[in-house]
Each structure stands twice: as structure tokens, then as C-alpha cells.
Amino acid sequence: MVPKDLRYTKEHEWVRVEGDLATVGITDFAADQLGDVVFVDLPEVGRTVAQFTAIGVIESVKAVSDLFAPVGGAVVETNAELLTQPELLNSDPFGRGWMLRIRLDDPAGPDGLLDVSSYEALTSEA
Amino acid sequence: MVQEDDASRATPLADRHQALGARMVEFGGWLMPLQYAGIIEEHRAVRTTAGLFDLSHMGELFVEGSEAASGLGYALTTEPAGLKVGRAHYSMICLPDGGILDDLIVYRLGEERFMVVANASNASIVSDALAERLSGRTVVLDDRSLVTGMVAIQGPLAAAILAPLTDVALADVPYYGIVQGNVVGVPALLARTGYTGEDGFEVIVDVAEIGRVWDAILEAGRPLGAVPVGLGARDTLRLEAGMPLYGNELGPDTTPFEAGLGRVVKLAKVGDFVGRAALEKAATDGPRKVLVGLAVRGRGIARHGYEVFSGDRRIGVVTSGTQSPSLGQPIAMAYVAPSEAQPGTMVDVGIRDQRVPAEVVSMPFYRRPAVLPG
């Protein structure tokens, strides 16, 4: 179920690194735990974010959750579709439900992320 | 994530909820289904077809005897003596200082027999308070909360789903009416009451039979689009319908007048009742705060505990809020200063580090298109 070419965080974000650009979203596990997502608040383009800090908010009918930056860098794009269709986080979390793109501030690539097997081990314990 | 609490009671339908894939949550001392397919889908089913709710957690208190009506008149803010047999009304049990101990539905089952339905978290508190307030009268209080099961079928197709399963002529049961009958051969009380803003029935049976009744209604309802509904959608449904929830809008720090429910305080009734003096004073003095509906006009969802502002002044607090599945916009209830309670008043809600504009609106937020006969 979980794409093998991505990397993950303990907070259930996923990251796809292509060159110095990282695309970020939340996993299907996170979306399922939240339930129906009805509101997403994302950082402004141009803002610099530090790794593992809260940069946005995801609200489901019942709950409010923080979105954490899985990598540090500058926000270069956010998914405008989520403003009107936040439910894409539930229906297609690894695809159209992507949340933002960050230009990595460390050209060597991000540290501290989980590979797919570590992430699957994490969610199977939950 | 929701942790199971060993201290919470399992509903008699727990196995069925598990089989239906429910996510469970602790509520009022019970482990109850939060959602099955998803809150929005369940909410829409109740608005368009029907939904089936497990209400085993609610408290059922039976009051019987020659002084049952007068005793309840002393214990509660309403006047149960004025109810016809087979009818119910919404009521409150207040503290001597006028604060709300719980909100209730009182059903008159016979000349001398009543059923009082209390919230799960308050069932034993209400039971104890009634025992104290009824003592010395010719009346027996029987707390049957743990031996009574209740399910609700709510939505425009509720009557059509229930009708083939019962010997009761549902068309003859008025809104807030209750009759004794059978559902799939099980002796049951069928009440045309609910907490969703839709037509529907609450079915009360012996706890040993609740599984059969649940299964039969769900099986009959599935082909018509009915689904099981958890507490998540129960909350969004009641919020759209402008119905208060104990612990959010109602509590010991609030009078019925402040909650906009002064109609259930029968100051004109003969005889004393618990809280009368304080409630008479509250009626004269006017409310310190007023429950209002808010339609959030900016981005964000106002939730329980968020503060409400007028300019720089803090004027109130949000008691419940959600994204309304029916309206597609954020709605909330809040207590605000009486000066800011007029519909059309613009206020701000503190949502995290933002001040988000919201408009005071009259409730309910949602009203069903028409009451269907039958």
C-alpha cells in the first residue's frame, strides 16, 4: 500500500526527493486516522521552514492536527487544489493529495527520515 | 489515536460494531462507535435516507406511582403532569442555584408511569438526584439504564424502514409521541424522538434483545441506503440542527435561559421545584451570556474552547464547532455577551494565531425540507 520510493516521518508525512526539490504529503495511514479532512492550512510560498517544525494544519471533522516539515528549506509551491478539495488527502494521499514542495537547504539531501520498511514497522505497531 | 479505556463499559452491540469496522471511542463512560465508513458519509445518509445509531449508553430511568407526575414536577423544570399518556417533552433537571444538571426527555407511558432518558455521562447523577428529590413520595424510581438497550433509526426513510418490522402503525405516532409495541417480535417502546433534526424513531428494548433489533433494522434499511452511524456524525447532525450537548452548551455554570431553552422552565407551574427561586431571579435579571450560532466567514474551523472577540474585547467562547457537511461551511455554537447576540453581528474567533471573522446567525443551521407523514 505504501509507495516504496518515498521516505517517511514518524509524524506520518511522506517525502519524494527529486534533485533539490522535496514533495511532501501525509500517508494513507495518517489520512485514515484523521478521518474526513475538511480544511488544510499550508505555509506561504517563499517561507523558509526548519525540519520537523509545525508548518501547517490539517483539520478533519473531529480533530485538528499539525503538519510538520519533514525537510528543511524554502517552500516553493503549495497544492492549491486542497483549498477547495481537502478531501483529496483521504481519497489520494500519495497523488493529488500532495501538500507542498520544499527546495532543500541541504544539497546532500535530508537526514532523519524513515525508509519504507521502517515506516511500515511503525504503523503496524500502532 | 483513541485509546481504549479499561474502565469504560462495552455496549451490548460491541461485537457488531467491530464486525462493521467501527472506530471506537470512550464517551460518557462507554466505549462507543465514533465512525464506520466516515463521518461525512454517515451524516449524509441520515439527511438523505436513514442512519442507525446505537444509543445503549443513554440512561433510562422509570418513575412510577401515584405521585410520579407531581414528584417529577418538583424534580424537573417542566410540568410532566401536563403530558398526555403517549407523549414526551424535552426537560431539564437543574441545581438549586439554577445551573443545569442534565437535559432530559420525559415520556409519559401511563397515568402513573414515566420514563426519563438522561445523557450517558449523567445517568447515575440524574438517578441519584431523582431518588433524593422523590424521596418521601408514593413513587418508585427504577434505574434500568444497564438492562435497557436503545437504538435510533433517523432520516427521511426511517419510518419506511421500521414499518415492516413492527405491529405499530407508525403514521399514528406523532412527533414526540411514544407507544408500546413489538419490533421483530420483541416488546419495545417506539418513540418519535431523536437528536439529528430528521424524522425518526428511538426503539427501546430489553438489553438481551438489542442485537436482534439492531440486525433487523440494519438489514431492512441497507437496500434503501441506510448505514450505521457513529457518535461523530451524531455530533455534526445535532449541531446543524441547533441542538445543545451536555458538557458543551449545557452544564452547572449555565441556566436554561442562557442556553436559549427558557421555554422548558415552567415558572407558571403550581408548587415548588428545585431551582425555582434561582431561575425566577435569572428570568428577571436577564442572562449573563447567550448561546448563539456562528457562521464562520473566514478560513478555519471554530472549535470547542476557542475564544470569541469583538474588536479587542473577549466576549465569549465557542462551545461546539465543525465543518457542516450539509452546508459545506464551518458552523459553531458559542456563548457571547448579550450585547453581541443579535443575528447579523460580526465577531472574530481566535483560531490558533488568527482572528477569523464569523457572523452571529439564528439556529438551527439546517432544517429538514418537510416533515414526512407516516
Side-chain angles (χ1 to χ4, degrees), chain A residues 1 9-13 26-45 47 49 53-68 78-93 97 99-100 119 121-126, chain B residues 1-4 21-27 32-45 229-240 245 248 296 298-306 318 320-332 349-354 356:
Chain A
M1 295 297 286
T9 70
K10 289 176 183 169
E11 305 288 351
H12 307 286
E13 288 93 11
I26 63 167
T27 66
D28 56 348
F29 179 88
D32 184 56
Q33 289 296 310
L34 283 168
D36 295 320
V37 174
V38 291
F39 178 81
V40 175
D41 201 14
L42 295 171
E44 285 174 20
V45 170
R47 184 175 144 194
V49 298
T53 59
I55 58 166
V57 172
I58 305 166
E59 298 205 32
S60 66
V61 178
K62 283 302 281 184
V64 185
S65 291
D66 285 322
L67 172 70
F68 295 93
T78 57
N79 184 355
E81 264 197 313
L82 296 180
L83 297 180
T84 51
Q85 294 174 265
E87 63 273 16
L88 289 171
L89 262 66
N90 296 108
S91 61
D92 194 7
M99 299 187 77
L100 71 163
Y119 181 69
L122 180 78
T123 53
S124 63
E125 287 164 17
Chain B
M1 220 177 324
V2 173
Q3 296 294 316
E4 292 195 12
R23 185 173 303 163
M24 305 298 283
V25 64
E26 199 278 336
F27 180 78
M32 298 298 295
L34 173 66
Q35 62 170 66
Y36 305 83
I39 292 173
I40 293 176
E41 184 177 331
E42 293 163 32
H43 181 110
R44 292 198 172 129
V229 182
L231 292 181
R234 186 168 164 83
D235 193 47
T236 54
L237 289 159
R238 70 92 193 166
L239 225 169
E240 285 186 349
L245 173 65
N248 287 33
V296 177
R299 294 194 74 238
I301 297 171
R303 294 186 187 268
H304 178 79
Y306 290 8
V318 173
S320 297
T322 192
Q323 173 81 3
S324 162
S326 299
L327 306 178
Q329 69 169 63
I331 58 171
V349 180
I351 300 180
R352 293 175 289 278
D353 55 354
Q354 309 264 316
V356 177

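Just so we're clear, the structure is a prediction, and the values are computed from it rather than from any experiment. Residue numbers begin at 1 in each chain, while the letters A, B, ... track the order of the sequences.
- Atom CZ in A:Phe39 sits 7.5 Å away from atom CD1 in B:Ile351 (nearest 0.5 Å).
- Residue A:Val61 comes nearest to B:Ile39 through the heavy atom pair CG1-CG2, 3.8 Å, listed as atom of the first residue, atom of the second, then distance.
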Quiz item: Going through the distances and angles, do A:Glu59 and B:Arg303 end up as a side chain to side chain contact (heavy atoms under 4.5 Å, CB included)?
Solution: CA-CA 11 Å; A:Glu59 298 205 32; B:Arg303 294 186 187 268; 2.7 Å; yes

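- At least one donor-acceptor pair under 3.5 Å links the side chain of B:Arg23 to the backbone N or O of A:Gln33.
- With chain A as the partner, the residue from B:Glu41, B:His43, B:Arg299 showing the most heavy-atom pairs under 4.5 Å is B:Arg299.
- Only the backbone of A:Val40 comes within contact range of chain B, judged by heavy atoms closer than 4.5 Å.
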Quiz item: Taking it one step at a time, do B:Asp235 and A:Lys62 satisfy side chain to side chain contact (heavy atoms under 4.5 Å, CB included)?
Solution: CA-CA 9 Å; B:Asp235 193 47; A:Lys62 283 302 281 184; 4.1 Å; yes

Exercise. Show your working on side chain to side chain contact (heavy atoms under 4.5 Å, CB included) between B:Ile40 and A:Val38 and close with a plain yes or no.
Key: CA-CA 10 Å; B:Ile40 293 176; A:Val38 291; 3.9 Å; yes

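- A:Thr27 pairs by the side chain to side chain contact (heavy atoms under 4.5 Å, CB included) definition with A:Tyr8, A:His12, A:Trp14, A:Phe29, A:Ala30, A:Phe94, A:Tyr119, not counting sequence neighbours.
- Heavy-atom pairs under 4.5 Å with chain B peak, among A:Asp41, A:Asn90, A:Val64, at A:Val64.
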